[in-house]
K.L.:
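The structure's right below; bear with me while I get my questions together.
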Amino acid sequence: MKDKMQNIEFKQKLKVYEPKKKVGLVVVITGNGKGKTTSALGMALRATGYNMKVCIIQFIKGDMYSGEFDGIKRLAPNVEIHITGRGFVGIGVSSYSHEEHRANAQDAIRLARDKMTSGEFDLIILDEINNALKLELVDLSQIIELIDNKPPLLHLVFTGRDAHPDVIKMAHTVTEMKDVKHAMSQGIEPQKGIDY
Ligand code: ATP
Ligand code: MG
C-alpha cells in the first residue's frame, strides 16, 4: 500500500513529453546479435503505458514455443499477437516445402495489411519479416507497399537479420544488434525467459 502511494506520488511529479508533431515511425531492428525481437516486445510494453494498441505478427516462427506468446496475453486487450509461421526455414530439416512456407508468409502479409488499414492500432510489429524477405517468402515490393500505405501516425517495426538495404533507406530509425558474444557459443543451451 505504501509502495503504491509512493509510486503514484512519483508518477505525478513526472512530466509527460508531448512531441510538437506526431510522426508514425518506421523502425528496423536488424543484425546478428541477440535482442531484435525482445527490443520490439519492449516497445510493445512501453506503448501499453500510454494505452496504445499494438499488433504483433511473427513471421517464420511457429513450431517452437516462446514466452511472449503468453506474456503478451497479460497486456491484453492492448496487445495482440499472431504467430503465423511454420517454424524455421532452411535450418536443419523442415517438414514443409518452400511453397508452404511462402504461402504462410503471404497470409501474414495479408494480415499485416488488414491490421494496418483497420485503423485499430498505434503500433504494428512485423517480427522476423526481414528474414522472410531474405528467404523470398515475401517480396520487397510488398514491404515497400506496406511502408508507402502506412497511416501517417502508425508506428511500424520490422525485425530480423539481414534487413534489405532499400527497407533500411526508407526507415526512420535503424538499429543493428552487434554480436559481441552469445552463451550459445560457450556451449550453453537457450534459457527460458531470456532466449525464448
Ligand atoms: P531475441 O528473441 O532474444 O531478442 P533475436 O530476435 O535478436 O533474439 P533471432 O535471430 O530472432 O534473435 O534468434 C532467436 C533466438 O536465437 C533467440 O533464442 C536468441 O537468444 C538466439 N540468438 C540470437 N542471436 C544469437 C547469436 N548471435 N548466437 C546464438 N544465438 C542467438
Ligand atoms: Mg527474433
Side-chain angles (χ1 to χ4, degrees), residues 25-49 54-75 79-96 98 100-102 104-109 111-112 115 121 123-138 140 142-143 146-147 155-165 167-168 170-196:
L25 298 173
V26 176
V27 178
V28 173
I29 314 283
T30 192
N32 293 333
K34 171 179 161 49
K36 299 173 289 296
T37 296
T38 45
S39 163
L41 293 171
M43 284 182 258
L45 175 69
R46 179 175 278 175
T48 61
V54 184
C55 176
I56 303 171
I57 301 175
Q58 286 195 325
F59 287 69
I60 298 181
K61 278 176 186 164
D63 65 352
M64 291 290 287
Y65 178 80
S66 199
E68 60 263 29
F69 187 61
D70 284 308
I72 281 300
K73 287 184 186 154
R74 299 186 178 215
L75 299 177
V79 188
E80 60 178 50
I81 187 163
H82 303 267
I83 301 182
T84 64
R86 291 192 163 182
F88 293 106
V89 189
I91 305 167
V93 184
S94 173
S95 40
Y96 298 100
H98 186 267
E100 285 170 307
H101 281 300
R102 187 170 160 96
N104 247 273
Q106 289 296 314
D107 285 345
I109 276 280
L111 183 66
K115 295 291 178 185
F121 297 97
L123 165 62
I124 296 184
I125 294 168
L126 303 179
D127 187 36
E128 315 298 345
I129 193 172
N130 298 335
N131 312 54
L133 173 58
K134 180 82 176 175
L135 293 161
E136 299 181 359
L137 306 181
V138 299
L140 177 61
Q142 292 178 310
I143 295 183
L146 283 180
I147 299 174
H155 302 296
L156 196 51
V157 176
F158 300 110
T159 85
R161 293 169 190 226
D162 302 312
H164 193 285
V167 178
I168 288 176
M170 292 177 89
H172 298 97
T173 297
V174 179
T175 294
E176 185 169 357
M177 295 292 176
K178 183 174 181 284
D179 184 27
V180 176
K181 59 158 116 168
H182 194 286
M184 196 93 112
S185 60
Q186 295 145 62
I188 302 169
E189 286 176 277
Q191 301 291 313
K192 282 180 183 170
I194 303 299
D195 291 307
Y196 64 94

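Start at 1 and go down the list; that is how both ligands and their atoms are numbered.
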K.L.:
Considering only heavy atoms of Thr37, which atoms of ligand 1 have at least one such atom less than 4.0 Å away?
P.N.:
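Selected atoms, number and element: 2 (O), 4 (O), 5 (P), 6 (O).
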K.L.:
Between His98 and Glu100, is any side-chain donor less than 3.5 angstrom from a side-chain acceptor?
P.N.:
no
K.L.:
Do we see a donor-acceptor contact under 3.5 Å between the side chains of Asp127 and Thr37?
P.N.:
yes
K.L.:
Examine all N, O or S atoms of Asp127, backbone included, and report whether one is under 2.8 Å from the Mg ion (ligand 2).
P.N.:
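No N, O or S atom of Asp127 is closer than 2.8 Å to the Mg ion (ligand 2), so no.
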K.L.:
Has ligand 1 got any nitrogen or oxygen that is less than 3.5 angstrom from a nitrogen or oxygen of Met184?
P.N.:
no
K.L.:
Check the surroundings of atom NZ in Lys134: do more than 12 heavy atoms from other residues, nucleotides or ligands lie under 6.0 Å from it?
P.N.:
no
K.L.:
With carbon and hydrogen excluded and only N/O/S kept, which atom of Glu128 is nearest the Mg ion (ligand 2)?
P.N.:
OE2
K.L.:
Could you check Leu111, Thr159, Leu146 and say which one makes a side chain to side chain contact (heavy atoms under 4.5 Å, CB included) with Leu126?
P.N.:
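Going through Leu111, Thr159, Leu146 one by one, the side chain to side chain contact (heavy atoms under 4.5 Å, CB included) with Leu126 is satisfied by Leu146 alone.
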K.L.:
Just checking Ile194: does its CD1 atom have more than 12 heavy atoms from other residues, nucleotides or ligands closer to it than 6.0 angstrom?
P.N.:
no
K.L.:
Below 4.0 angstrom, N of the basic side chain to O of the carboxylate: do Arg161 and Glu128 qualify?
P.N.:
no
K.L.:
Got an N/O contact under 3.5 Å between Asn32 and ligand 1?
P.N.:
yes
K.L.:
Under 6.0 Å from the six-membered ring centre of Tyr196 and within 45° of its axis: does the NZ or CZ of Lys192 meet both?
P.N.:
no
K.L.:
Heavy atoms, side chains only, cut-off 4.5 Å: are Phe59 and Asn104 in contact?
P.N.:
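They are not in contact (no side-chain heavy atoms under 4.5 Å apart), so the answer is no.
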K.L.:
Pick one of side chain, backbone, both or neither for how Thr159 approaches ligand 1, counting any non-hydrogen atom pair under 4.0 Å.
P.N.:
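Answer for Thr159: neither.
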K.L.:
Check each of His182, Met64, Arg161, Met177 against atom 21 (C) of ligand 1 and report the one with the nearest heavy atom.
P.N.:
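The nearest heavy atom belongs to His182.
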K.L.:
I'd like to know if the Mg ion (ligand 2) has an N/O/S atom from Thr38 within less than 2.8 Å of it, counting both backbone and side-chain atoms.
P.N.:
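Not a single backbone or side-chain N, O or S atom of Thr38 is under 2.8 Å from the Mg ion (ligand 2).
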K.L.:
Can a non-hydrogen atom of Gly33 be found less than 4.0 Å from any atom of ligand 1?
P.N.:
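The answer is yes, since Gly33 has a heavy atom less than 4.0 Å from ligand 1.
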K.L.:
Would you mind listing which atoms of ligand 1 come within a distance below 4.0 Å of any non-hydrogen atom of Glu128?
P.N.:
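That gives atoms 11 (O) of ligand 1.
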K.L.:
Provide the number and element of each atom of ligand 1 under 4.0 Å from a heavy atom of Asp179.
P.N.:
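Contacts of ligand 1 toward Asp179, numbered from 1: 27 (N).
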